A.B. asks: 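Quick one: the structure is below, and I'll ask about it shortly.
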Amino acid sequence: MSYRFPDRPVFYRRLGREFPCAVSARGAWITDADGRDYLDASSGAMVTSIGHGVAEIADAVASQMREVAYVNGLMFTNKAVEALADELAELLPEPLHYAYFLCSGSEAIEAAVKLARQYWCESGRTTKWKVVSRVPSYHGNTLAALALSGREHYRALYGPLLTPFPRIPAPDPYRHPGCAACTGEALEEAILSEGPDTVAAFLFEPIVGSSGGAVVPDAGYVRRVAEICRRHDVLVIADEVLCGMGRTGRWFAFEHFGVTPDILVLGKGLTGGYAPLSALVSRREIVERLAHGTGYFNHAQTYSHTPVICAAGVATLRFMKRLHLVDRARDLEPLLFRALAPLAGRPGVGDIRGKGLLAGVEFVADRDTKAPFPRIDRVAERVAERAFARGLIVWPNVGHVDGERGDLVLVAPPLVVGEDDLAEIGARLAASIDEVLGETRVAGSRPSGTGRL
Ligand SMILES: Cc1ncc(COP(=O)(O)O)c(C=O)c1O
């Protein structure tokens, strides 16, 4: 393939591609420089929860920039960070007390892991360092976050740089209902085989986002893993970078299961993309252990607790509270799934699942055996590409079945999405899927197109 160099001196993740230039965006819609409209059914990377073009966020950021754009948290506190902590505290159960603000989900995951490690060191239990995570999973792309992620195609190149943390299978209620991963037993086996004295924390997404495709575990799973962790003195870190902040119809996904983690990690919807903000929120006693010990959290980044970024968070939370957007996500859930329901009849569609305004559509080559498509068919990518050509943005993911195979798309529109837009998402996605499956070998149907791509 001949490489087409970009017109401008910038490069993106996908090299040699031309992208439309986004010039304006409102609500769930984005317009490009040629005047084409796109229905943003993935909120970008599951980020723009409050929708595009909310002027009051821009105003809050601009006014904070004029007042105090930046001070460092080693020397000053600031009104924006304090207001943000208060807004969050209003929503969280009391054990989750102290917030620490950073810029990206990956950074907050790394900070959460360091906090867990430091907590055990300051408790005199210095052998506890391992973090058990799950496969598939995604916790970020910096090296520790990647080491904890179960996404083989992201990891393969960097094997020598990744700490070999223990990993267990994530529940897959569609393929393996009731297995040891679904019941939580796999976690206990891993902790016992590693030795509880070496395990600091368990990291998981209460409702899985992109890596598994909106997987909601069985009701008892989250309670069971939390109970196993308590019994073995293992901290529970809930990664709600994607599933938190109202996306699933509750402010936080852990609320669906009646379990409070020891450390909560937030990102994405915390500012809906208006500024790069993430947070970890810790149980009171974890931070207080450090406060009474070294008196120091051994983690520093230039842009932690930054006023301008926190101001975007405050304005976003106030906007969400005033417009009751989390209730809206809960109330729109039936409409979203009604719009997607006709897809279930297609021979290549294996499962449609999710919670709130987070849905996953999984594609399979055979609905009876649930066999995934061969990777060469690129089903998820092709569905997303055809949807994009129709002015619909969905988020493709591959590899969740065995590290290589597994095709799905995520649908996660802004929480302000209109009811008509949900129907439009269903219709455009159905047409895109029909086009792709019509060209692909699927058990139970005859290819009607030009054959495999
Ligand atoms: C569950 C989860 N955790 C962590 C991250 C990493 O966040 P960021 O891309 O902001 O570093 C992501 C990003 O998609 C995510 O989905």
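Values below: every heavy atom of this structure, side chains too, minus hydrogens, waters and symmetry copies. Please read all numbers here as calculations on a predicted model, not as lab measurements. Order of appearance sets the numbers: ligands from 1, and atoms from 1 within every ligand. If you read the sequence from its start, that first residue is 1, and numbering goes on from there.
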A.B. asks: Between Gly178 and Thr183, what is the shortest heavy-atom contact and its length?
C.D. replies: O-CG2, 3.9 Å
A.B. asks: Using the test ring pair (Phe, Tyr, Trp, His ring centres under 6.0 Å), find all partners of Tyr274 that sit at least two apart in sequence or belong to another chain.
C.D. replies: none
A.B. asks: Show me the side-chain donor-acceptor pairs of residues 204-222 shorter than 3.5 Å, one per line, residues at least two apart or across chains.
C.D. replies:
from   : atom 1 : to     : atom 2 : distance (Å)
Glu205 : OE2    : Gly209 : N      : 3.0
Tyr221 : OH     : Arg134 : NH1    : 2.9

A.B. asks: Hey, are the side chains of Trp251 and Lys321 touching, using non-hydrogen atoms and a 4.5 Å cut-off?
C.D. replies: yes
A.B. asks: Go through the structure and list residues passing side-chain contact (heavy atoms from CB on, under 4.5 Å) with Ala28, not counting sequence neighbours.
C.D. replies: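 Scan of Ala28 (side-chain contact (heavy atoms from CB on, under 4.5 Å), adjacent residues dropped) gives Leu39, Pro414, Val417, Asp421.
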A.B. asks: With a 4.0 angstrom cut-off on heavy atoms, strictly below it, pick out the residues next to ligand 1 and order them by chain and number.
C.D. replies: Ser104, Gly105, Ser106, Tyr138, His139, Gly140, Glu205, Asp239, Val241, Leu242, Lys268
A.B. asks: Would a distance-only check, ignoring hydrogens and angles, find a side-chain to backbone donor-acceptor pair under 3.5 Å from Glu110 to Ala145?
C.D. replies: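 It does hold such a pair.
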